[in-house]
Amino acid sequence: MSRSVRVALLLAVTVLACLAVLQAVGRISSANLGELEPAINEFLVPYGVSIEAATGGWNRLNPTVTADRVTFAGGRLNEVFF
């Protein structure tokens with residue numbers, strides 16, 4: 001096998017491994033989003049935003065986040081899905 005083919009395969013395997021790690025971390029953190037809600041609200045305090053009853057999920061390769069209520073200075077939103 002030539003050197004350039006080996007380098008290309010090594011690069012492809014490295015990129016796929018990094019994507020797999022990102023997927024795993026994303027799935028774990030979205031599954032535990034309810035437990036992370038206090039930390040998220042603490043992060044959003046300077047912006048005057050708070051969330052209630054956040055849940056996370058995964059749809060194929062896309063993360064999904066749902067919050068029962070998002071409150072901000074201009075009002076609030078109910079049943080937010082993004």
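Owing to the predicted nature of the structure, the values given are computational and were not obtained by experimental measurement.
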Chemist: Considering residues at least two apart in sequence or located in another chain, which fulfil the side-chain contact (heavy atoms from CB on, under 4.5 Å) criterion with Asn59?
Modeler: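 Testing Asn59 for side-chain contact (heavy atoms from CB on, under 4.5 Å), a comparison that skips the adjacent residues, returns Thr64.
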
Chemist: Of all residues at least two apart in sequence or in a different chain, which pass the side-chain contact (heavy atoms from CB on, under 4.5 Å) check with Asp68?
Modeler: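 For Asp68 the side-chain contact (heavy atoms from CB on, under 4.5 Å) partners, ignoring immediate neighbours, are Ala53.
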
Chemist: Of the non-hydrogen atoms in Gly26 and Ser29, which two are nearest, and what is the gap between them?
Modeler: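 Closest approach of Gly26 to Ser29, heavy atoms only: O-OG, 3.2 Å.
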
Chemist: Where is the tightest heavy-atom contact between Glu37 and Glu52, given as atom of each residue plus distance?
Modeler: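 Answer, listing the atom of Glu37 first, then Glu52: OE2-CA, 3.4 Å.
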
Chemist: Indicate every side-chain donor-acceptor pair of residues 7-20 with a distance under 3.5 Å to a residue at least two apart or in another chain.
Modeler:
{"residue": "Thr14", "atom": "OG1", "partner": "Leu10", "partner atom": "O", "Å": "2.7"}

Chemist: My understanding is that a hydrophobic cluster links ILVMFWY residues whose side chain heavy atoms are under 4.5 Å apart, including indirect links. Using that, what else belongs to the cluster containing Trp58?
Modeler: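 None; Trp58 is a cluster of one.
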
Chemist: Tracing side-chain links under 4.5 Å among I, L, V, M, F, W and Y, which residues wind up in one group with Val80?
Modeler: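 Result for Val80 is Leu33, Leu36, Ile40, Phe43, Leu44, Tyr47, Val49, Ile51, Val65, Val70, Phe72, Leu77, Phe82.
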
Chemist: Who pairs with Thr66 by side-chain contact (heavy atoms from CB on, under 4.5 Å), at least two apart in sequence or on another chain?
Modeler: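 Testing Thr66 for side-chain contact (heavy atoms from CB on, under 4.5 Å), a comparison that skips the adjacent residues, returns Thr55, Phe81.
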
Chemist: For Ser2, give me all partners under side-chain contact (heavy atoms from CB on, under 4.5 Å), at least two apart in sequence or on another chain.
Modeler: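 Ser4, Val5.
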
Chemist: Return the minimal non-hydrogen interatomic distance between Gly57 and Ser30, and the atom names on each side.
Modeler: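 Closest heavy-atom pair between Gly57 and Ser30: O-OG, 3.7 Å.
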
